[in-house]
Amino acid sequence: MEFAEHIKTANVEDVVLRQPLQPPSRGTLCITGHHLLFSDREESDSRQVLLLLRNIDAIEKSVENLTGYSGFFSNASHSERMSGSSGTITMKCKDLRVLQLDIPGMEQCLNIAHSIETLSCLDCVSAMYPFFYRPVDLSLPEQWGLSSPEMHYSQMKELYEKWRLSTVNRDYSVCPSYPPAVIVPKSIDDDTLKKAAKFRQGGRFPVLCYYHKKNGMVIMRSSQPLLGANRKRCKEDELLLQAVIEGSDKGYIIDTRSMQQAQQARMTGGGFESKSFYDRWKRFHRQMERGKALQESLIKLVEACGDESNNMDRWLSKLENSKWLSHVQNALSTAGLLVECVERDGHSVLVHGSEGTDCSLLISTLAQLIMDPCCRTMEGFLGLLEREWIQARHPFQQRCAHSAYSHARLQQESPVFLLLLDCVWQLWRQFPLALGFSEALLLRLATEVYASDYGTFLCNSDQERCALEVKERTHCLFRALLRPTERDYYSNPLYERTELAIWPSVHPQSLQLWKGYFLRWTQQVRHLEEAQEEIRNMVIEWGKLARS
Amino acid sequence: MEHIRTPKVENVRLLDRSSGQRKASVGTLYLSATHAIFVENNPETRKETWVLHSMVSSVERPPTTSSGGQLILRCKDFQIFQIFIPQERDCLDVHASLARLSRPGVCACKYSELYCLSFNPNVNKEEREESWNFIDLAADYKRMGVPNNLWVATAANSEYRVCDTYPSELFVPKSATPAIIVGSSRFRSRGRFPALSYFHQDTLAAVCRCSQPLSGFSGRCQEDEMMLQALMKSNPGSDYIYVVDTRPKLNAMANRAAGKGYENEDHYTNIKLQFIGIENIHVMRSSQQKIVDVGEMRSPSVTDFLWGLENSGWLKHIKAILDAGVFVARAVADEGVSVLVHCSDGWDRTAQACSVASILLDPYYRTIRGLMVLIQRDWVSFGHKFSHRYAHLDRDPKEVSPVIDQFLECVWQLSEQFPCAFEFNERFLIAIHAHVYSCQYGTFLGNSQKERRDMRLHERTHSVWPQLWKDRGKYTNPLYKAEQSQSQGVLRPNTSPYCFKPTIEPSLPELSLYSYML
């Protein structure tokens, strides 16, 4: 991939950059294969802005020809005719920042705009910046990621009696979206797994994702069973689930679709576990929004946050109309239901929707945060994300190609991961002491998932990552975040471990707009950040006093 | 006590609905002259719940069921208690007693039944008298640099001769002679002539307040015009003043038909008239009722909740009040122009706008003592009608309105926006709110300084401020640092709608336990 062919103008002098919360500055703009670099001309305190092109979601350009010629479409591109012209490029970023560049010279402006448009949405993964990112203070890791299914299993001694690590998927042939090793009931052999996999969409047969040490109950995850219109059944799938609740009277299935949606899925070959074949499983249906509807919700909310009409009724009705907070409420209460089944009711649960790569991950992640204190430390949380989202495969590449500003036609985009972060923020706000990490970590993740120096969120599955050698050729974000300097910044100064489950309130008045993210570039959020900074300083002071 | 027929009922179950309690606790209910007291049977906790009669806004008795009678107590601080009483007879008695005790003065409109007149904390006479000197308004004016060569004290209202709802000590422009003051007061509703609320030393501009002029369609008054001229002259840095009419323009115009209205810009030289559009007390009362209803919905969806919030209009009103304060503060601090604020009578919306402006202009009012001083000045002393607005006595329900509630919510919204700028925390605001309604202290009793003097409240009751000051440890915001940039100078809030927290009334706790299986 040659980036140069997309760059006609690499340098422009005398550009004015306008960005939120800062006065406009004048300086030089450079464009490279992956970045926009702006450095201002002030000799004394020179500032630089480095922006990943990948971060740019949409651009708008307008050019003005001061000499009176309006036809920049005409072929005559005489430089003297262009001399009085200028242009403005507005860049709307995936981290919700809006930047504006005033560029002298119409031709230069159009060249820059063209480069941004092309380079910001290149499809070729191996040409993306993480493959080029080589900071001096980091060497490419021996081990990529925090853990692996093998390590995870070996650390969980409680599992050994009833569960085993299966490598049936070692060459990704049984389920292309699963990692090579998964945890399954000990009594189920690999042949049974292979057959059960054929009965589940995309081969995602039920696997263990969480073991609750307090009572030995588990959370399983899968995709929908492929019953189809003529209600096929699969003995091996039934056996597998039977083995999960061996020794218990029943289990629960949480289907993240409504009953009606689940029934309709049969027409296209899918379906749900029927009472007659899975008689010891009780099903709950909780309709969760996904896909396009969720993306549109995000677009509406971001649009509402940018509305400057200053009218309270209009704001409240737009906030309501976006439905974003309803999705937050829905996700938290479905996760609450899952925890209620496992922790209070003492039974194992299987979670799935249709593909089992979006909402299932969302609620199993939230449920683990709610009930397991080990998931609430910074390592624990990043490890949880790695297991549930990276290894168990959320298709990041498809879901996060664009964010709220893009004019591109929506394909597979959906902000499920952002919804997760918002829900975690709600937990953090309701339980300010219970989580070991701070809002800053959530904000960092929300940025990195859309545009990153690191390879963590590249690709759609483990298989794809192996094919592109992501693990050998890029740096891992999670490992970088756990370096001492970064860890201090992202830790929660008020953290106090609690063994109890942190039951979130899902009452609408307990749920709030995540200002830190959605109003990130307003002055108001700066005041809230100052308050967080103050808390951090006070805790450090107290620590010193306590030691002396 | 004559109103209590059954002072003690056993095996009563109590459910504190506002705290999200799901299971009622069993215990004994006692009725005293001042409180309903519930003591849990559970020998380990023996938790006591005290409900002051004067905090009860309504007692409802739903139909009796097989398990006995029940009462629903709604309190003025938005607590809701559900009480289950096994015997219907007892239930009727308790209902009758509570209904009577929670409405003091129902027959005679007298203050003597109020709690503060029987409330007797363990302090001696000197301490009580001293408590009334705890907040010294003269000292605060001195702090602002008043009197000076621009503003002087006037004796015109001593013995409340000119205006019986104003305090006796007031500051006016140096050039305002007694004749001008008296003349101007005759041209203003209830005689509430323009007087100083806050003087901004940095720009020498001032915030002044009054009531609407009795201008009708064409009336004018030379003294009143001279008064406004004097206001303008008392600010050497500017050759005009803003007159802020906090009402919607339509309401102000309608008042002209009744011989009242607003200043005609042709008659007054050098004024700029500005309407803000804060709604009247009746609109606010119904808005509050709507938002309380939203808070009481059992398991609302986010859509129901946000729709209810929008429909109540509550946040819109809060925003209008903050916008009024921001306008005044900007004029004074940024433009250096004095502002005269009024509404109709100049004791509700005017008090809101002036006190919000002071909070924004002067960091002192963002401290614990400063907020006390501010409330004492702009609300208590300038004749905000506490007894009417907060239904201390059972009188005209049309006079009731959550005016100071709204001011306190404005302060709370500001403190949410600037978490390090206020010395006090949310609990302080809630405590003030409770005392405005509780009648435990004499501070917020009556409708004016004159009424309080006539009732000899200083001799018969205690002031709330020293008590709150004593408890200041509870009310301190640990993030506050006087020297920090956020705490200093003029506060410049963002009043874009998204900056308002859609939380219902600060005192409503969040429900924490919820069954997700529902």
Side-chain angles (χ1 to χ4, degrees), chain A residues 284 286 304-330 332-341 344-345 430 503-513 515 518-519 522-524 526-528 530-535 537-538, chain B residues 20 294-295 297-320 323 414-421 477-481 484-486 491-505 508-518:
Chain A
F284 290 105
R286 285 290 185 276
C305 291
D307 183 353
E308 290 177 357
S309 69
N310 208 17
N311 177 317
M312 185 63 78
D313 287 352
R314 191 157 150 184
W315 157 249
L316 288 174
S317 95
K318 280 187 164 186
L319 182 63
E320 188 269 300
N321 193 36
S322 80
K323 297 273 178 268
W324 182 262
L325 285 174
S326 302
H327 301 321
V328 170
Q329 182 191 41
N330 200 358
L332 280 172
S333 79
T334 308
L337 170 67
L338 174 50
V339 179
E340 210 167 12
C341 293
R344 273 205 204 139
D345 203 56
Q430 289 187 24
W503 299 95
S505 162
V506 296
H507 197 279
Q509 71 195 69
S510 310
L511 303 176
Q512 291 189 355
L513 176 69
K515 286 192 182 146
F518 292 105
L519 302 174
T522 62
Q523 189 58 41
Q524 210 227 336
R526 295 287 93 78
H527 299 312
L528 303 181
E530 276 170 44
Q532 288 302 320
E533 196 52 43
E534 191 60 46
I535 291 175
N537 292 339
M538 281 168 67
Chain B
V294 172
M297 288 196 285
R298 264 323 184 60
S299 338
S301 68
V302 174
T303 301
D304 296 340
F305 176 78
L306 288 175
W307 192 85
L309 195 66
E310 180 189 337
N311 188 46
S312 76
W314 183 258
L315 284 178
K316 185 169 71 186
H317 301 315
I318 297 294
K319 175 170 155 52
D323 280 333
L414 288 171
S415 72
E416 286 286 309
Q417 207 174 120
F418 300 95
C420 305
N477 168 15
L479 296 180
Y480 172 72
K481 281 221 176 93
Q484 212 195 11
S485 62
Q486 223 182 83
L491 221 50
R492 296 173 199 283
N494 184 344
T495 62
S496 301
Y498 56 66
C499 293
F500 290 79
K501 274 210 170 167
T503 296
I504 293 182
E505 290 288 332
L508 269 186
E510 290 173 3
L511 303 176
S512 58
L513 272 182
Y514 196 87
S515 180
Y516 308 91
M517 284 196 185
L518 283 176

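Chain letters run A, B, ... following the sequence lines, proteins first, then strands; residues in each count from 1. Fair warning: this is a prediction, and the values are worked out from it, not measured in the lab.
For C420(B), the part sitting under 4.5 Å from any heavy atom of chain A is the side chain, from C-beta outward, and nothing else. Contacts between N321(A) and chain B at a heavy-atom distance below 4.5 Å are absent for every atom of the residue. Contact of S309(A) with chain B is not made at all, since no heavy-atom distance falls under 4.5 Å. Interface remark: P478(B) contributes backbone and side-chain atoms alike to the contact with chain A (heavy atom separation under 4.5 Å). Of the two parts of K316(B), the backbone and the side chain both hold a non-hydrogen atom closer than 4.5 Å to a non-hydrogen atom of chain A.
With chain B as the partner, the residue from L513(A), I535(A), D307(A) showing the most heavy-atom pairs under 4.5 Å is I535(A). Comparing L325(A), L519(A), L528(A) by how many heavy-atom pairs each has under 4.5 Å with chain B, the most go to L519(A).
In terms of the side-chain contact (heavy atoms from CB on, under 4.5 Å) criterion, residue partners of A304(A) (sequence neighbours excluded) are, by chain and number, W315(A), K318(A). Under the ring-ring contact (aromatic ring centres under 6.0 Å, His included) criterion, F500(B) pairs with no residue, sequence neighbours left out.
Atom CZ of F305(B) sits about 5.0 Å away from atom CD of Q509(A), to the nearest 0.5 Å. Rounded to the nearest 0.5 Å, atoms OG (S326(A)) and CG (D304(B)) are 9.5 Å apart. To the nearest 0.5 Å, atoms CG (L491(B)) and NE2 (H527(A)) are separated by 7.5 Å. Between the CE atom of M312(A) and the CD1 atom of I318(B) there is a distance of 9.0 Å, given to the nearest 0.5 Å.
Closest of all the heavy-atom pairs between C305(A) and Y498(B) is O-CE2, 3.5 Å. The shortest heavy-atom contact between K319(B) and N310(A) is NZ-OD1, 2.9 Å. Nearest heavy-atom pair, P508(A) versus P300(B), reported as atom, atom and distance to 0.1 Å: CG-O, 3.4 Å. For K501(B) against K515(A), the heavy-atom pair with the smallest separation is CG-NZ, 3.9 Å.
You'll find the side chain of K323(A) reaches within 4.5 Å of the side chain of T303(B), heavy atoms only. Looking only at side-chain heavy atoms (C-beta outward), L479(B) and M538(A) come within less than 4.5 Å of each other. Looking only at side-chain heavy atoms (C-beta outward), P493(B) and Q524(A) stay at 4.5 Å or farther from each other.
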side-chain contact (heavy atoms from CB on, under 4.5 Å) evaluation trace for K481(B) with E534(A): CA-CA 9 Å; K481(B) 281 221 176 93; E534(A) 191 60 46; 2.4 Å; yes
